[in-house]
Amino acid sequence: MRARYDSLAVVLAMSLTLVSACNSATDAGITDEARAPDASEIAAPASETETPIKAAPFRIVMLGDSLTAGFGLSQADALPEQVERLLIADGARVELVNAGVSGDTSAGGLARYDWSVASADPDMLVLALGANDYLSGMDPAQTKANLSAIVERAAADDLEILLVSLSARSSAQNDPRAAAFADIYPELAETYGVRLYEGLVDPIFDQPDYLMADGLHPTAEGIGVIAHPLAETLSEFLADE
C-alpha cells in the first residue's frame, strides 16, 4: 500500500511540474505554436540587399558633316564630345555619339541612317546636315526631301529630334538659293512638330580667331563657343526625362 501511495505522489508531482511549466510559458507570451521570429531575425528581401542597377545614360546621336565630325581637330575637341563634357559637368547622365562624316550631304546621311543612327540605339537624334548640299549646288527641294526622310525615320524609331539649322553663306545679295535653303529648316520643324536649333555657327562665322585658315571650319576654341548654347538646349530635353 505504501508503494502505491508513493507512486501516486510521484505522478502528482510530475503533473504539477508540467502545469507550472505551461503557465510560465503562457505568462511569457509563448504558446505551443512556433515562436514568431523577431524582426531582426527576418532576412531583408533580395531586392533590398542587392546593389540597384543604374539607368543607362541618355544617348544622343549627332548626325552631321565636318562640323560634327571635328574636321582638323582631335576627336576630343569635336562638337559632340565637347557638348557631352559640358552636360556631364552639369550633372547629366548622357552619352553623345559622333556620327559626323566630313563632306557628307543630306543624301549621305539618309543612306547611312541605319548604321550611323539606328544601330546606336539612341534616345535622341540631333540632325545637322545641309551645308554641303548648298556648297555642292544641290537643289534645295532635294535637300528638304532627304532631311524629311531622316526625320520620318527617327520619328518612327520613337526618337526625340533636334533639327539644327545651318545658315547658307553667300556673298551674293538676295541669293534666292541661299534663301531657299534657309527656309528648309523652319518649314520642316513646323511640318513635323520637332524642335529647331537655329544658326549653329552664327556666333563665330565672322570671327577669324575662331576659324581655321579656310574660313569655314571652327578651331577647337570656336567649337567651344558654339558648344555651350547647344548644350544648354539639350539640357532642356534631359530635364524632361
Side-chain angles (χ1 to χ4, degrees), residues 60-87 96 98-109 124-144 146-147 150-151 161-190 194-237:
I60 302 172
V61 170
M62 190 164 184
L63 183 66
D65 48 36
S66 57
L67 185 60
T68 299
F71 174 82
L73 304 174
S74 69
Q75 194 62 50
D77 289 329
L79 182 59
E81 284 75 11
Q82 290 208 41
V83 170
E84 180 185 82
R85 288 198 295 274
L86 290 170
L87 291 171
L96 266 77
N98 189 334
V101 172
S102 293
D104 210 5
T105 62
S106 60
M124 181 177 184
L125 171 66
V126 176
L127 178 55
L129 284 168
N132 288 318
D133 294 43
Y134 174 78
L135 294 174
S136 63
M138 186 176 291
D139 182 352
Q142 186 59 57
T143 298
K144 185 176 182 180
N146 293 336
L147 294 177
I150 294 173
V151 170
I161 301 168
L162 179 63
L163 179 62
V164 176
S165 165
L166 300 173
S167 303
R169 305 298 174 194
S170 174
S171 59
Q173 294 294 321
N174 301 319
D175 182 347
R177 194 164 161 276
F181 266 90
D183 289 342
I184 289 173
Y185 301 94
E187 290 174 0
L188 289 179
E190 182 177 1
V194 300
R195 188 159 183 174
L196 176 64
Y197 184 86
E198 297 187 270
L200 177 63
V201 297
D202 285 1
I204 62 170
F205 84 94
D206 59 352
Q207 303 292 321
D209 290 344
Y210 290 129
L211 298 173
M212 295 183 182
D214 61 11
L216 293 174
H217 295 97
T219 61
E221 293 75 17
I223 291 292
V225 171
I226 64 177
H228 278 82
L230 179 58
E232 291 175 0
T233 297
L234 291 175
S235 69
E236 296 175 10
F237 280 94

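Along the sequence shown, residues carry numbers from 1. The shown structure was predicted, so the numbers you read here are calculated from the model rather than taken from an experiment.
The distance from atom CG of Leu162 to atom CE of Met124, rounded to the nearest 0.5 Å, is 4.5 Å. Expressed to the nearest 0.5 Å, how far CG of Leu196 lies from CG of Leu163 amounts to 5.5 Å. We find the CD1-CD1 distance between Ile226 and Ile204 to be 5.0 Å, quoted to the nearest 0.5 Å. Within the model, atoms OG of Ser106 and NZ of Lys144 stand 13.0 Å from one another, a figure rounded to the nearest 0.5 Å. Distance CG/Leu234 to CG/Leu86: 10.5 Å, rounded to 0.5 Å. Here the CD1 atom belonging to Ile161 is positioned 8.0 Å from the CG atom belonging to Leu127, to the nearest 0.5 angstrom.
Here the closest heavy-atom approach between residue Pro140 and residue Phe181 is recorded as CG-CE1, 3.5 Å. Contact between Ala231 and Leu87 at its shortest, heavy atoms only, is O-CD2, 3.3 Å. Scanning both residues, Asp214 and Leu216, for their nearest heavy atoms gives OD1-N, 2.8 Å. The two residues Leu188 and Val194 have their closest heavy-atom pair at O-CG2, 4.4 Å. Nearest heavy-atom pair, Asp183 versus Glu187, reported as atom, atom and distance to 0.1 Å: O-CG, 3.1 Å. When all heavy atoms of Asp77 and Arg85 are compared, the closest pair comes out as OD1-NH2, 4.4 Å.
The backbone N or O of Met138 sits less than 3.5 Å from a side-chain atom of Arg177, completing a donor-acceptor pair. Using a distance-only test at 3.5 Å, with no hydrogens or angles considered, no donor-acceptor pair links the side chain of Asn132 to the main chain of Thr105. Side chain of Glu221 to backbone of Tyr210: no donor-acceptor contact under 3.5 angstrom is found. In this structure a side-chain-to-backbone donor-acceptor pair under 3.5 Å is missing from Gln207 to Gly222. In this structure, the side chain of Tyr185 does not engage the main chain of Glu198 through any donor-acceptor pair within 3.5 Å. Under a 3.5 Å cut-off, the side chain of Asp133 and the backbone N or O of Thr143 do not form any donor-acceptor pair. At distances below 3.5 Å, at least one donor-acceptor pair connects side-chain atoms of Asn98 with backbone N or O atoms of Thr68.
Side-chain contact check for Leu230 versus Gln82: every heavy-atom pair is 4.5 Å or farther apart. Annotation: side chain of Ile184 is not in contact with side chain of Tyr134 (no heavy-atom distance under 4.5 Å). Using a 4.5 Å cut-off on side-chain heavy atoms (C-beta onward), Ile223 and Leu67 make contact. Looking at heavy atoms from C-beta onward, Ile150 lies in side-chain contact with Leu129 at the 4.5 angstrom threshold.
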Report task. Carefully, step by step, assess Phe237 and Val126 under the rule side-chain contact (heavy atoms from CB on, under 4.5 Å). Result -> CA-CA 12 Å; Phe237 280 94; Val126 176; over 6 Å; no
